[in-house]
Amino acid sequence: MATVIAKVKVMPTSPEVEKESLKESLKELVEQNDAKCRGVTDEPLAFGLYTVYVMVEMEEKEGGMDPIEEAMNALENVESAEVVELSLV
């Protein structure tokens with residue numbers, strides 16, 4: 001099986017969401033789903049809002065990133081999470 005690297009774009013619910021706490025929650029969630037977190041970064045968007053990008057490495061399997069993406073969307077302070085890049089290594 002191949003290794004998959006995915007970049008997930010996560011939008012918090014508001015600018016008041018604690019950035020470092022959200023990043024730590026996302027990292028823990030990835031690792032709980034049999035994947036490796038290869039990095040978590042944030043970029044300013046507008047009016048204090050920011051976007052968080054999570055790099056995920058995992059073995060290719062049926063369902064792919066769907067379970068991780070769904071779990072991220074279910075987090076309390078997450079408005080949306082979507083895979084924006086996906087590649088096989």
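Residues take their numbers from the sequence shown, with the count starting at 1.
- The shortest non-hydrogen separation linking G48 to P15 is O-CB, 3.5 Å.
- For the pair K7 and Y53, the cation-pi test (distance below 6.0 Å, angle within 45°) is passed.
- If you chain together ILVMFWY residues whose side-chain heavy atoms come under 4.5 Å of each other, V56 ends up grouped with V4, V8, V10, V17, L22, L26, L29, V30, V40, Y50, V52, V54, M58, M65, I68, M72, L75, V78, V83, L86, L88.
- Atom OG1 in T13 sits 9.0 Å away from atom CG in L49 (nearest 0.5 Å).
- Side-chain contact between K19 and K23: present, with at least one pair of heavy atoms (C-beta onward) separated by less than 4.5 Å.
- Across every non-hydrogen atom of E79 and P12, the tightest pair is CB-O, 3.6 Å.
- Counting side-chain heavy-atom gaps under 4.5 Å among Ile, Leu, Val, Met, Phe, Trp and Tyr, the cluster of I5 also holds M55, V89.
- Pairs engaging residues 50-73 under the salt bridge (Lys or Arg N to Asp or Glu O under 4.0 Å) rule: R38-E57 [sequence neighbours left out].
- Between the NZ atom of K27 and the OG atom of S25 there is a distance of 12.0 Å, given to the nearest 0.5 Å.
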